[in-house]
There are 2 protein chains.
Amino acid sequence: MVQVSQKQAKVTLSERKRGSGAKFVYGTLRDEILDLRLRPGSPIDEVQLAERFGMSRTPIREALVRLAGDGLVETLPNRSTMVANIDALGLPAFYDAITLMYRVTTRLAAQHHQPDDLERIRLLQDDYANAATSRKALDMISVNRDFHAAIAEAGRNPYFTTLTLRLLDEGRRILRLYYQSFDDRLPQEYIEEHEAIIAAIAARDVALCDDLARAHADQIVHQIQQLFSRDQRQNIAL
Amino acid sequence: MVQVSQKQAKVTLSERKRGSGAKFVYGTLRDEILDLRLRPGSPIDEVQLAERFGMSRTPIREALVRLAGDGLVETLPNRSTMVANIDALGLPAFYDAITLMYRVTTRLAAQHHQPDDLERIRLLQDDYANAATSRKALDMISVNRDFHAAIAEAGRNPYFTTLTLRLLDEGRRILRLYYQSFDDRLPQEYIEEHEAIIAAIAARDVALCDDLARAHADQIVHQIQQLFSRDQRQNIAL
DNA sequence: TGTATTTTTTTAGTCGACAGAAAACTTGCG
DNA sequence: CGCAAGTTTTCTGTCGACTAAAAAAATACA
């Protein structure tokens, strides 16, 4: 009897459309994982999530399966699933991949972009500048992702777009880690680099896009590398 | 024409391990989709699959969710899910992607390979040669995939490996389409090209790897392009 | 006290059932 | 006949319950 009344209360609380359950859970958990609100390595309990979202385990399960497909969650057979760890040893591979994807997507954007692509990209760049001037580092991280995602879209190659998105998300996690533990300032340089990239895409200058994208990627890689070396020093100092 | 959908191999699983259900269904369906035993665009009925595999819909569902993540299956909300189509308009993007991945994975293999990597690759090349001399085109297709997958593995970059695998699988579908409707011979050239690639990797000659991989990719792209132009001519002739 | 073995607890994998959304079919009206 | 409204059918999305695998706890034994 108690169970019935509780359940009804929860159902009225969350009036959902059929078929949206798993998608909603997927999106929510994905955001939380990428924002590090769910810490890497922390265990995920299906029953707990089911209670939290006010639904049965089935849609929760589907969301977890999809997250596992994205590599955001690791599932141990018959035992718990946990938030994927950030693999420090895999960082060089990450650097290689994001650098190549920046280059190739920017090149393709120069070749295949259409007018409204550029408009979208410029709007995002405005958002980025705003976030930068108001010193909102976390916003900058997220807008930066959208900026490069838009460039990838303009390149019109789904294979590259997918991989780029995945890398950007992975990078978002790493950068969160960074700006959480250290200061909240990002170099203004990025804004200028972005501007230059936009201009090169608009001019359809493939070679210049390549150069700029490579330099931009190098910047970010360098930034992350600094993070890790700084981290080390601090540990030693303690 | 072989119409198999009614008489798919029924699976006896009186002794199934717990937790293997979804994985087994995933693997089986994946193979059938890549081999075109399940035709692109054909609908997938969960209940039917549940009967065929002798299990409930739950593990079937999980397998389908994973296949959707791989892009091998398309799900319409609240309505049927179907085998993903081969998108002819997306072929140029495919060419770009597979060419770049061939190049970058082969380069990385030259840099990062270890002794047993080369051994594995050479064994697969033997398999490939055997399949070629005995004129087994379908075997060649599948071994060719494994060959390049092994090279990607030797490059030790999970991001590139994942994308390469996906592209190789996509290519497997396209080639099946080809060798199903036309002749069963593949140019011997491929064997020699493979040999040259192996040698270049062993010599850790990055620049040569790049050239060879690019040429190899061009070959395959050219082959597929021929397929589609031939297809067109036939349609017009009829 | 430390280790091997049994028992308990936790929690993932599976099942059968039902409800709701979309398609397929039927009916009513011009 | 042709089409709009209503009805039935089909099949997915979700649920609660059950089962079994693995971890944690308890016990036995040296």
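Letters A, B, ... are given to chains in the order of the sequence lines, protein chains preceding strands, and every chain is numbered from 1. These numbers come from a predicted model, not from an experiment.
Across residues 70-85 of chain A, A:Asn78, A:Arg79, A:Ser80 each have a non-hydrogen atom less than 4.0 Å from an atom of DNA chain C (numbered order).
With sequence neighbours left out, the salt bridge (Lys or Arg N to Asp or Glu O under 4.0 Å) criterion links B:Glu119 to no other residue. In this view, B:Asp96 satisfies the salt bridge (Lys or Arg N to Asp or Glu O under 4.0 Å) rule with no residue, not counting sequence neighbours. Scanning for ring pair (Phe, Tyr, Trp, His ring centres under 6.0 Å) contacts around A:Phe160 gives an empty result, with sequence neighbours left out. Annotation: side chain to side chain contact (heavy atoms under 4.5 Å, CB included) contacts of B:Asn85 (sequence neighbours excluded): B:Pro40, B:Met82. Evaluation of the salt bridge (Lys or Arg N to Asp or Glu O under 4.0 Å) rule for B:Glu62 yields A:Arg61 as partners, not counting sequence neighbours. Scored by the salt bridge (Lys or Arg N to Asp or Glu O under 4.0 Å) test, B:Arg173 finds no partners at all (sequence neighbours excluded).
Dashed line: the shortest gap from a side-chain N or O of B:Ser56 to OP1 or OP2 of C:dT14 is not under 4.0 Å.
Computed from coordinates, the B:Glu51 CD to C:dC15 P distance equals 13 Å when rounded to whole Å. Nucleotide C:dA12 holds its C1' atom 15 Å from the CD atom of A:Gln48, rounded to whole Å. Whole-Å rounding puts the B:Glu62 CD to D:dT12 C1' distance at 17 Å. Regarding A:Asp45, its CG atom lies at a distance of 16 Å from the C1' atom of D:dA24, rounded to whole Å. If you take CD1 of B:Ile44 and C1' of D:dT10, they are 17 Å apart, rounded to a whole angstrom. Here the P atom of nucleotide D:dC15 and the CD atom of A:Glu46 are 14 Å apart, to the nearest Å. Rounded to an integer number of Å, the gap from A:Leu64 CG to C:dT11 P is 14 Å.
Between the side chain of B:Thr28 and the backbone N or O of B:Phe24, at least one donor-acceptor pair lies under 3.5 Å.
The aromatic rings of B:His194 and B:His148 sit perpendicular to each other, their planes meeting at more than 60°, with 30° as the lower class boundary.
Screening residues 163-172 of chain B for side-chain hydrogen bond (donor to acceptor under 3.5 Å, both in side chains) gives B:Arg30-B:Asp169, B:Asp35-B:Arg172, B:Arg145-B:Asp169 as the qualifying pairs, with residues at least two apart or on separate chains.
When each of D:dC15, D:dT14, D:dC11 is scored by its nearest atom to the side-chain atoms of B:Arg57, the top-ranked nucleotide is D:dT14. Checking C:dA12, C:dC15, D:dC15 against the side-chain heavy atoms of A:Thr58 singles out D:dC15 as nearest.
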Hey, what are the protein-to-nucleotides 6-9 of chain D N/O distances that come in under 3.5 Å?
none

